[in-house]
Amino acid sequence: MRTTVGIIGAGPAGLLLARLLHRAGIDSVVLESRDRAYVEQRQRAGILEQGTVDVLREAGAGERMDREGLRHDGIELRFGRRRHRVDFPGLTGGRAVTVYAQTEVCKDLIALQLAEGGPLLFEAEALAVEGAEGDRPRVPFRHQGREDVLECDWVVGCDGFWGVARNAFPAGVSRVFERAYPYAWLGILADVAPSHDELVYARHDRGFALLSMRSPSVSRLYLQVPADTEADRWSDEEIWAELDRRLETGDGWKLERGPITQKSVTPMRSFVHEPMRHGRLLLAGDAAHIVPPTGAKGLNLAVGDVVTLARALVHERRSGSPELLDAYSATCLRRVWQAERFSYDMTTMLHSAPDATAFDARLQLARLERVASSRAAETDLAEAYTGFPLE
């Protein structure tokens, strides 16, 4: 097979890149190791920044999002049984976020790609990336029981943390920066209307809790748990009781309960791979960086990467200049490190480390008090949460 841009991975990064390239008249082939049902069902992020919403609309993938997504104009911080709302539009000049699950974004982009775009091959496992230093990189892959090769002008690795693309970078080129956190999130989906109309981030001495949602009738909630936790070790009653404790307020607010339909544990990691380009191989999304989910940045960072990359590829096609492609890694990493900083700040401000002291707890409360009492601090949080500019 031969194409201009070979894309490994049909998550939101790979699918959106294929869509943007198609609309610019650049052909691509997407290889996805999993089947379509798996891609459309895996639970991941659910918060879209303002810039992500705008990009999906401009790409023609916003119709169902606009119909079914839930616009949120703020979040609520809880600490010491108190509540403080952060007003996004009032602090950022009108920006907001939208609750619309990654599964739904993928469904929309898959439907568009299959109807209008280039080849999208499911159960097509990329085996390696070869010849990235030359003019014709190749991706050997296995599909429908036989091996084939995809020849490209450019290869883009959107295949996540465990994919083959990043492993194709020579050891002497790669630099890795990472931090593993000593806790995880126990997440549930529950068939009950959300108990609050916006996300609630709660700091508690027993650990962090998050009240979120997937729709007006489905709640998504999380508890901080030890890193080695197994989801099935927690009974439904234990989960609801712990959520009650950590989300409790002094004004009589009540958490509504319902049937739990799914439990899972999400590890917490910060990770950045530099650079994001080697020769004609480029990384985007989780292949290049991971953030703890507290800042709601993972999916949005992936969108920022592929918007920058699509712009660079279009510029190279139309002008012959490699200027934007040469700057791709540095351009993305500026935004990536700001997102890493924000996600780390949110995580350490709201979670209780196993070895935390009374001094650490007081510092957390002081940081939250600063956000609640200073418009400057509150604005910094709101600007970061609703999204860094797409350069």
Single-linkage hydrophobic cluster L283~V29, side-chain heavy atoms < 4.5 angstrom: yes

R362, CZ: over 12 other non-hydrogen atoms inside 6.0 angstrom: no

All ring pair (Phe, Tyr, Trp, His ring centres under 6.0 Å) counterparts of W337, not counting sequence neighbours: F177

Counterpart residues, side chain to side chain contact (heavy atoms under 4.5 Å, CB included), relative to R95 (two or more places apart): Q50, T92, E383, T386

Beyond-backbone contact of W253 with L247, side-chain heavy atoms, under 4.5 angstrom: yes

Contacts of type side chain to side chain donor-acceptor pair (under 3.5 Å), residue Y181, not counting sequence neighbours: S270

Any residue meeting side chain to side chain contact (heavy atoms under 4.5 Å, CB included) with A330, in chain and number order, not counting sequence neighbours: R334

Electrostatic pair D244:R246 at N-O distance under 4.0 angstrom: no

Non-neighbouring partners of R179 that pass salt bridge (charged side-chain N to carboxylate O under 4.0 Å, His left out), sequence neighbours left out: none

Side chain to side chain donor-acceptor pair (under 3.5 Å) partners for E58, two or more places apart: none

Atom CD of E63: over 12 foreign heavy atoms under 6.0 Å: no

D66 and R57 ion-paired at < 4.0 Å: yes

Residues that, via side-chain heavy atoms closer than 4.5 angstrom, fall in one hydrophobic cluster with V149: none

Partners meeting ring pair (Phe, Tyr, Trp, His ring centres under 6.0 Å) with F271 (sequence neighbours left out): F161

Minimum heavy-atom distance A96-H72, with the two atoms named: CB-O, 3.3 Å

Residue among M1, R2, R138 satisfying side chain to side chain contact (heavy atoms under 4.5 Å, CB included) with L150: M1

Counterpart residues, ring pair (Phe, Tyr, Trp, His ring centres under 6.0 Å), relative to H273 (two or more places apart): F169

Side chain to side chain, Y183 and L223, heavy atoms closer than 4.5 Å: no

For L120 against L15, the heavy-atom pair lying closest together: CD2-CD2, 4.0 Å

Pair D236 + K263, salt bridge at N-O below 4.0 Å: yes

Exceeds 12 heavy-atom contacts within 6.0 angstrom, atom CD of E147: yes

Carboxylate-amine/guanidinium proximity below 4.0 Å for D380 and R370: no

Electrostatic pair D251:R81 at N-O distance under 4.0 angstrom: no

Heavy-atom neighbours of R233 CZ exceed 12 at 6.0 Å: no

D286 side chain near W162 side chain, heavy-atom distance below 4.5 Å: no

Pairing of E116 and R19 as salt bridge, 4.0 angstrom limit: yes

Test salt bridge (charged side-chain N to carboxylate O under 4.0 Å, His left out) applied to R85 - qualifying residues, sequence neighbours left out: D87, E198

Partners passing side chain to side chain contact (heavy atoms under 4.5 Å, CB included) against S235 (at least two apart in sequence or in another chain): E237, E238

Heavy-atom check, side chain of W185 versus side chain of V265, under 4.5 Å: no

Same cluster (ILVMFWY, side-chain, under 4.5 Å), Y328 and L20: yes

Heavy-atom side-chain proximity of L282 to M276 below 4.5 angstrom: no

Partners meeting ring pair (Phe, Tyr, Trp, His ring centres under 6.0 Å) with Y38 (sequence neighbours left out): none

Side chain to side chain, L77 and R82, heavy atoms closer than 4.5 Å: no

R78 with E248: basic N within carboxylate O range, under 4.0 Å: no

